[in-house]
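When a ligand or atom number is given, it counts from 1 through the structure's own listing order. Keep in mind that this is a model prediction, so the values were computed, not measured.
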Amino acid sequence: MSASSSRASDAALFSPARLGDIAIANRVVMAPLTRNRAGAGGVPTELMATYYAQRAGAGLIVSEGTQIRPDGQGYLDTPGIYTPEQVAGWRRVTDAVHARGGRIVCQLWHVGRISHFSVLPFGTFPVSSTARRAQGKTFTASGFQPVSTPRALRTDEIPGLVDAYAHAARCAIEAGFDGVEVHGANGYLIEQFLRDSINDRTDAYGGTIENRVRFLQEVMTAVAAAIGAGRTGLRLSPLTPSNEAGLDSDPQRLYGHAVDVLAPLGLAFIHVVEGVTGGPRDNAPFDFEDLRRRFQRGQPGSGWIVNNGYTRPMALDAVASGRATAVAFGRPFIANPDLVDRLLEDAPLAEPQRETFYGGGAPGYTDYPQRDGSLG
Ligand code: 8OZ
């Protein structure tokens with residue numbers, strides 16, 4: 001062991017903890033990573049079970065974004081969690097992870113307007129808070145394509161959408177997941193409601209901060225009621241402009257209010273992306289500590305997971321200082337299935353190949369070796 005990893009305070013990153021009702025063996029979380037390798041009908045494959053099992057040393061795995069219903073899909077070959085076949089496919093994944101002592105939650109995803117007709121059931125439009133199209137692109141069978149124009153959800157359609165999140169959460173528990181993480185980040189449906197840079201509604205789900213947070217609040221309340229708040233987490237990215245989300249005019253007040261209304265639910269965790277997802281950590285001023293204190297006030301069992309560009313020293317410090325319950329790593333987990341052991345030993349990290357991030361088979365997916373050269 002190196003001198004730095006033998007400091008007593010450094011042991012915190014590798015010590016057990018709880019995120020609500022979910023007991024984790026260490027504080028290193030595998031962040032959700034879209035890999036576009038699901039089978040027909042959004043059914044997880046045996047290869048996906050191998051990939052996740054190889055990474056079961058993480059204290060917690062957050063699955064790749066997984067659509068909650070057909071119109072929640074935005075990209076080719078992403079998995080779903082709403083049909084019996086998808087539940088059976090995920091069961092292979094969760095069994096394989098649990099057999100190695102790991103924990104895994106399902107990331108519940110609805111892309112909203114970041115979608116393309118070709119990945120949706122025939123005749124289905126993408127839905128959003130708005131009818132305005134984003135300028136971005138999505139990944140389809142014919143490569144990257146501009147996203148399709150969405151249809152603004154009618155107010156009377158929103159309860160059905162909230163129910164779809166609860167249904168997907170029940171399916172996730174049936175599939176053997178330890179809980180769920182609602183995807184409230186990166187410009188997808190929930191952010192399309194949260195931000196005044198996108199949401200142009202005039203009903204009870206648009207306008208004031210209270211109104212724009214309402215959809216998120218209803219989703220989290222319904223999911224927590226369906227499977228238990230202690231198994232329900234949420235991912236937020238207050239400063240990420242991706243997928244043409246722009247930035248809200250007052251992110252501190254918007255996300256402060258969101259956390260204030262969610263804290264009393266006693267959720268398992270909030271997983272927060274600091275800065276731009278996968279990019280700079282300092283694109284705009286923001287007091288993340290204020291958010292954490294507000295979320296954990298009176299709810300010491302609720303975990304706070306931080307993410308985005310963490311190095312080993314940053315992660316050691318975040319947990320040792322109490323600023324985070326756990327630290328999530330995304331890209332490092334692609335090429336380092338045994339990332340926790342490498343962090344523990346301060347061993348060198350392998351670099352992932354970008355060309356195999358999205359789609360394909362085993363190459364660049366299940367063939368990154370462990371430290372000893374084995375495939376785990
Ligand atoms: C990369 C490619 C496609 C989707 C996200 C689910 O940004 C994603 C995603 C990432 O949250």
Side-chain angles (χ1 to χ4, degrees), residues 29-38 42 44 48 51-52 61-69 71-81 105-116 118-120 126 128 134-148 165 168 172 180-195 198 216 219 233-247 270-281 283 305-309 328-334 352-360 364-365:
V29 171
M30 177 173 161
L33 293 163
T34 288
R35 305 302 307 273
N36 308 81
R37 282 163 168 87
M48 287 169 65
Y51 162 79
Y52 282 111
I61 296 172
V62 182
S63 81
E64 64 207 274
T66 301
Q67 55 263 7
I68 59 157
R69 69 178 196 183
D71 68 3
Q73 183 168 0
Y75 303 77
L76 189 68
D77 295 338
T78 53
I81 184 72
V105 295
C106 187
Q107 198 194 44
L108 302 185
W109 189 27
H110 193 302
V111 296
R113 67 177 182 163
I114 307 300
S115 188
H116 188 265
S118 68
V119 299
L120 294 174
S128 182
Q135 295 304 313
K137 291 193 170 174
T138 178
F139 179 64
T140 75
S142 28
F144 282 92
Q145 295 289 333
V147 299
S148 306
Y165 277 93
V180 303
E181 173 181 282
V182 173
H183 193 338
N186 298 346
Y188 298 110
L189 182 65
I190 288 176
E191 262 192 13
Q192 292 162 29
F193 275 89
L194 286 175
R195 294 197 184 173
I198 305 178
L216 169 65
V219 168
L234 169 65
R235 192 170 204 228
L236 295 174
S237 59
L239 298 181
T240 294
S242 308
N243 289 314
E244 232 196 303
L247 286 190
I270 285 182
H271 176 181
V272 69
V273 181
E274 298 163 335
V276 181
T277 310
R281 292 177 48 81
N283 63 315
I305 306 175
V306 295
N307 174 236
N308 205 27
F329 294 83
R331 278 171 297 191
F333 259 110
I334 293 178
Q353 290 160 349
R354 198 161 262 288
E355 311 78 65
T356 46
F357 278 4
Y358 308 118
Y365 190 55

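Close approach of ligand 1 to Y358 (heavy-atom distance below 4.0 Å) involves ligand atoms 1 (C), 2 (C). Which parts of ligand 1 touch T34 is read off a 4.0 Å heavy-atom cut-off, strictly below it: atoms 3 (C), 4 (C), 6 (C), 8 (C), 9 (C). Using a 4.0 Å cut-off to heavy atoms of H183, the atoms of ligand 1 that qualify are 5 (C), 6 (C), 11 (O).
Residue Y188 touches ligand 1 through its side chain alone, judged by heavy-atom distances below 4.0 Å. Neither the backbone nor the side chain of E64 has a heavy atom within less than 4.0 Å of ligand 1.
For W109 and Y75, the distance between ring centers is under 6.0 angstrom.
For R69, the CZ atom is densely surrounded, since the number of other residues' heavy atoms within 6.0 Å is greater than 12.
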Worked check of side-chain hydrogen bond (donor to acceptor under 3.5 Å, both in side chains) between Y51 and E64
CA-CA 12 Å; Y51 162 79; E64 64 207 274; over 6 Å; no

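Between N186 and ligand 1, at least one pair of N/O atoms sits closer than 3.5 Å. Every N/O-N/O distance between N243 and ligand 1 stays at or above 3.5 Å.
For the atom pair N308 CG and L239 CG, the distance stands at 10.0 Å (nearest 0.5 Å). The CG atom of L120 lies 7.0 Å from the CD atom of Q73; values are rounded to the nearest 0.5 Å.
When all heavy atoms are compared, the tightest approach of Y365 to M48 is OH-CG, 3.2 Å.
A heavy-atom separation below 4.0 Å is not found between F139 and ligand 1.
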